[in-house]
Amino acid sequence: MIKAFIFDLDGVLTDTAEYHYRAWKRLADEEGLPFTRGDNERLRGISRRDSLMLILKDRVYPEEEIQAMLARKNGYYLEFIKGISPRDLLPGAKELLEEIRAAGLKSAIGSASQNAGEVIDRLGLRLLLNAISDGHSVEQPKPAPDLFLHAATQLGLPPAECVVVEDAAAGIEAAKAGGFRTVGLGPRQRVGRAEVVAPSLTGVHLGDLLAALTCRL
Ligand code: BG6
Ligand code: MG
């Protein structure tokens, strides 16, 4: 029995994945570090610090320089998200959240971002959500299941009754490790380990998802 959906935020409900890319790209260019859109794909769903470590590769920096780079990247990101409004919701996202609410099911956010609250407010989503778990909620980042388990606890539901909707390989692994049902958005080489895969939420309705997940039982 499915009673709730836990949505990742960046790259699922809105395309902030692009702003994370531009902010990392600016930092990498300033530091003379190679960083491409292809490299950025590996950062989806990965915490801020782990992302920087992947960009730095085996280069060693003192901790205070690492902290300064993390703060600089976040400053650039905050500049980018200042302009976000409900127009930046990805197609199908608001409709699906409204269908979930109308059907008496619950919705939550499970985002690794410490900026998730601000993005949710700018998108005008807060009133459609029953719980928000974000980059401040748990210590262990995805692919550990902790963030989604935190969301399920807030919803008062066992993982098996919650569907995680994710665009990142690390997010699908986190959900599977926690015993959640899974929907992956994006190419199969990225989210193919999910039970149900779709290119995006465009044209995806609650009934389709419930039917596809039920077939998989
Ligand atoms: C995830 C993004 O949602 O949040 C990652 O997919 C990002 O790209 C992570 O690094 C942490 O976000 P923030 O806003 O705390 O730096
Ligand atoms: Mg994401």
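Atoms within a ligand are numbered from 1 in the order they appear, just like the ligands themselves.
Put simply, the side chain of Glu166 reaches to within 4.5 Å of the side chain of Phe148, judged on heavy atoms. For the pair Asp39/Ile55, no side-chain contact is recorded, criterion being any heavy-atom separation below 4.5 Å from C-beta on. Between Arg48 and Asn115, some side-chain heavy-atom pair lies under the 4.5 Å cut-off. No side-chain heavy atom of Ile46 sits less than 4.5 Å from a side-chain heavy atom of Pro141. Looking at heavy atoms from C-beta onward, Ile132 lies in side-chain contact with Ile120 at the 4.5 angstrom threshold. In this structure, Glu30 and Tyr76 have side chains that are in contact, with non-hydrogen atoms separated by less than 4.5 Å. Using a 4.5 Å heavy-atom cutoff, the side chains of Leu206 and Leu105 are in contact.
When each atom of ligand 1 is checked for a heavy atom of Ser51 under 4.0 Å away, the hits are 10 (O). Taking every non-hydrogen atom of Asn115 and a distance limit under 4.0 Å, the qualifying atoms of ligand 1 come out as 13 (P), 14 (O). Counting the atoms of ligand 1 from 1 in the order shown, those under 4.0 Å from a heavy atom of Ser111 are 3 (O).
Within the 4.0 Å heavy-atom shell around ligand 1 one finds Gly45. Residue contact annotation: Gly135 has no non-hydrogen atom under 4.0 Å from ligand 1. For the ligand labelled ligand 1, residue Leu9 lies outside the 4.0 Å heavy-atom shell.
The nearest protein atom to atom 15 (O) of ligand 1, hydrogens excluded, is given as Gln114 N, 2.7 Å; this is a heavy-atom distance. Of the protein's non-hydrogen atoms, the one nearest atom 3 (O) of ligand 1 is Asp10 OD2, 2.7 Å. In terms of protein heavy-atom proximity, atom 16 (O) of ligand 1 is closest to Arg48 NE, 2.7 Å. Looking only at protein heavy atoms, the nearest one to atom 14 (O) of ligand 1 is Ser113 OG, 2.6 Å. Summary of contacts: the protein heavy atom closest to atom 8 (O) of ligand 1 is Leu43 O, 3.5 Å. In terms of protein heavy-atom proximity, atom 9 (C) of ligand 1 is nearest to Ile46 O, 3.3 Å.
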Atom pairs and distances, side-chain donor-acceptor, residues 5-13, under 3.5 Å, sequence neighbours left out:
unit_1, atom_1, unit_2, atom_2, d
Asp8, OD1, Lys142, NZ, 3.1
Asp10, OD1, Thr16, OG1, 2.4
Asp10, OD2, His20, NE2, 3.1

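Side chains of Thr202 and Ser200: a donor on one and an acceptor on the other come within 3.5 Å.
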Verdict with supporting geometry, Arg72 and Glu31, salt bridge (charged side-chain N to carboxylate O under 4.0 Å, His left out): CA-CA 11 Å; Arg72 230 157 83 214; Glu31 294 292 324; 2.9 Å; yes

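Side chain of Ser113 to backbone of Gly135: no donor-acceptor contact under 3.5 angstrom is found. In terms of modelled atom types and a separation under 3.5 Å, the side chain of Gln114 and the main chain of His136 share no donor-acceptor contact.
Within the protein, the number of N/O/S atoms found under 2.8 Å from the Mg ion (ligand 2) is 3.
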